[in-house]
Asks: 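Following this message is one structure expressed as structure tokens.
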Amino acid sequence: SYLYKFPLDADGPEDVTVAYTFENGTRFDDIQLVGDTFYWDHNTHTAAGQVQPGFIKKRAKTGTTSTTLVTGLGLNYGLQVFDSHMVWLEIRAANGVLSVYRAPIAGANVADVELVTAVVNGGFMARQGAYAYWTHKAANGSGRIQRLLVDDPEAKVEQVATDLNLPEGLVTDESYAYFKQLDSLYRVPLAGGTPERLSSVTAANDAQATAIFYVDDKYVYFAA
């Protein structure tokens, strides 16, 4: 269970070294560094299609041991960490429904983890500012982009875009959420509005070709 490092001015693979060693066969799904602390989803897969106990963990960048924040989860991914809460996508049981869950950043018993809303399998999640955004990947006009003001316990799920057809892949900048729909790239204002089509149709042969990787001040980068 290693995290590796590579100097930006290095020449090749021989310059890759171990930066951190983690314990207990840790898997890193959606690991991120928030301040001086790593947070990640740890899923214990044993066979394709099975949902085994999942965890959310953290570890200080200068630490030597990890802390488990939540245990007893299903397959969880898309973790986003905010000031006082964290949210993620999770399938709680085999053949179950993908849902958005929320818990205090300090951790919680699985029985106390809050179910925010059910979505559709194949969803993506991203953070922009104080909000988490995610796709509700339904077909035939039932698809949506939704968001939640995560640190507000009274906040309700808001609709950013509706009447979509299988929205997937999601990145954000300070103005827009970018997603794909029926093999075209779209964007919609963060606070909601009418989606704007940005690209022609480029048929995808597999799920990986739906990826939207990054957006900067000039371009959005996506697979096609």
Side-chain angles (χ1 to χ4, degrees), residues 29-30 41 43 45 47-54 56 70 72-80 82 85-103 110 113-128 131-150 155-172 176-199 201-213 220 222-224:
D29 297 320
D30 302 297
D41 304 303
N43 291 294
H45 306 293
Q50 290 187 350
V51 176
Q52 296 294 323
I56 295 176
V70 188
L73 302 178
L75 174 62
N76 59 108
Y77 68 97
L79 178 67
Q80 304 296 326
F82 293 78
H85 290 81
M86 50 192 177
V87 290
W88 64 92
L89 296 166
E90 180 188 345
I91 300 175
R92 199 47 76 86
N95 301 315
V97 175
L98 184 70
S99 298
V100 178
Y101 290 90
R102 174 168 59 181
V110 66
V113 168
E114 176 190 358
L115 170 61
V116 175
T117 187
V119 288
V120 178
N121 291 356
F124 291 75
M125 179 175 279
R127 176 183 178 174
Q128 184 62 46
Y131 286 87
Y133 292 78
W134 60 87
T135 57
H136 182 90
K137 190 184 173 183
N140 301 320
S142 297
R144 300 186 289 276
I145 307 292
Q146 299 175 300
R147 73 175 186 173
L148 179 71
L149 187 60
V150 173
K156 304 298 183 182
V157 173
E158 301 176 23
Q159 307 299 326
V160 177
T162 58
D163 303 319
L164 303 180
N165 196 345
L166 298 174
E168 56 189 349
L170 185 66
V171 297
T172 59
Y176 295 97
Y178 300 82
F179 63 97
K180 291 189 77 176
Q181 175 182 225
L182 299 179
D183 298 324
S184 290
L185 182 69
Y186 287 78
R187 70 180 181 183
V188 63
L190 291 178
T194 301
E196 174 188 4
R197 183 176 168 186
L198 301 179
S199 80
V201 172
T202 305
N205 294 317
D206 57 54
Q208 293 178 339
T210 66
I212 306 175
F213 298 107
V220 56
F222 67 104

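This one's a predicted model, so the numbers in the text were calculated from it and none came from an experiment.
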Asks: Please say which of F179, Y186, W134 ends up in a side chain to side chain contact (heavy atoms under 4.5 Å, CB included) with I145.
Replies: F179
Asks: Roughly how far, to the nearest 0.5 Å, is the CD atom of Q181 from the OG atom of S199?
Replies: 11.0 Å
Asks: Can you confirm whether L79 sits close enough to M86 that some side-chain heavy atom of one is under 4.5 Å from a side-chain heavy atom of the other?
Replies: yes
Asks: Using a strict cut-off of less than 4.0 Å between a Lys/Arg side-chain nitrogen and an Asp/Glu carboxylate oxygen, indicate whether E158 and K156 qualify as a salt bridge.
Replies: no
Asks: Could you tell me which residues satisfy ring pair (Phe, Tyr, Trp, His ring centres under 6.0 Å) with Y178, sequence neighbours excluded, listed by chain and number?
Replies: none
Asks: Under 4.5 Å between any side-chain heavy atoms of R92 and V113, yes or no?
Replies: yes
Asks: Does the pair N76 and D29 meet the rule for a side-chain hydrogen bond (donor to acceptor under 3.5 Å, both in side chains), with working shown?
Replies: CA-CA 8 Å; N76 59 108; D29 297 320; over 6 Å; no
Asks: Taking the six-membered ring of F82, is NZ or CZ of R127 closer than 6.0 Å to its centre and within 45° of its axis?
Replies: yes
Asks: Should L73 and I56 count as side-chain neighbours, where that means a heavy-atom distance under 4.5 Å?
Replies: yes
Asks: Taking the side chain as every heavy atom from C-beta outward, state whether L89 and V119 have any pair of such atoms under 4.5 Å apart.
Replies: yes
Asks: Can you tell me how far the CG atom of L98 sits from the CE atom of M125, to the nearest 0.5 Å?
Replies: 8.5 Å
Asks: Can you list the steps and then say if E168 with K180 is a salt bridge (charged side-chain N to carboxylate O under 4.0 Å, His left out)?
Replies: CA-CA 5 Å; E168 56 189 349; K180 291 189 77 176; over 6 Å; no
Asks: Answer yes or no: is there a side-chain heavy-atom contact under 4.5 Å between L190 and V160?
Replies: no
Asks: If you define the side chain from C-beta out and look only at heavy atoms, does anything of L115 sit under 4.5 Å from Y101?
Replies: yes
Asks: Can you tell if the side chain of L170 reaches within under 4.5 Å of the side chain of Y133, non-hydrogen atoms only?
Replies: yes
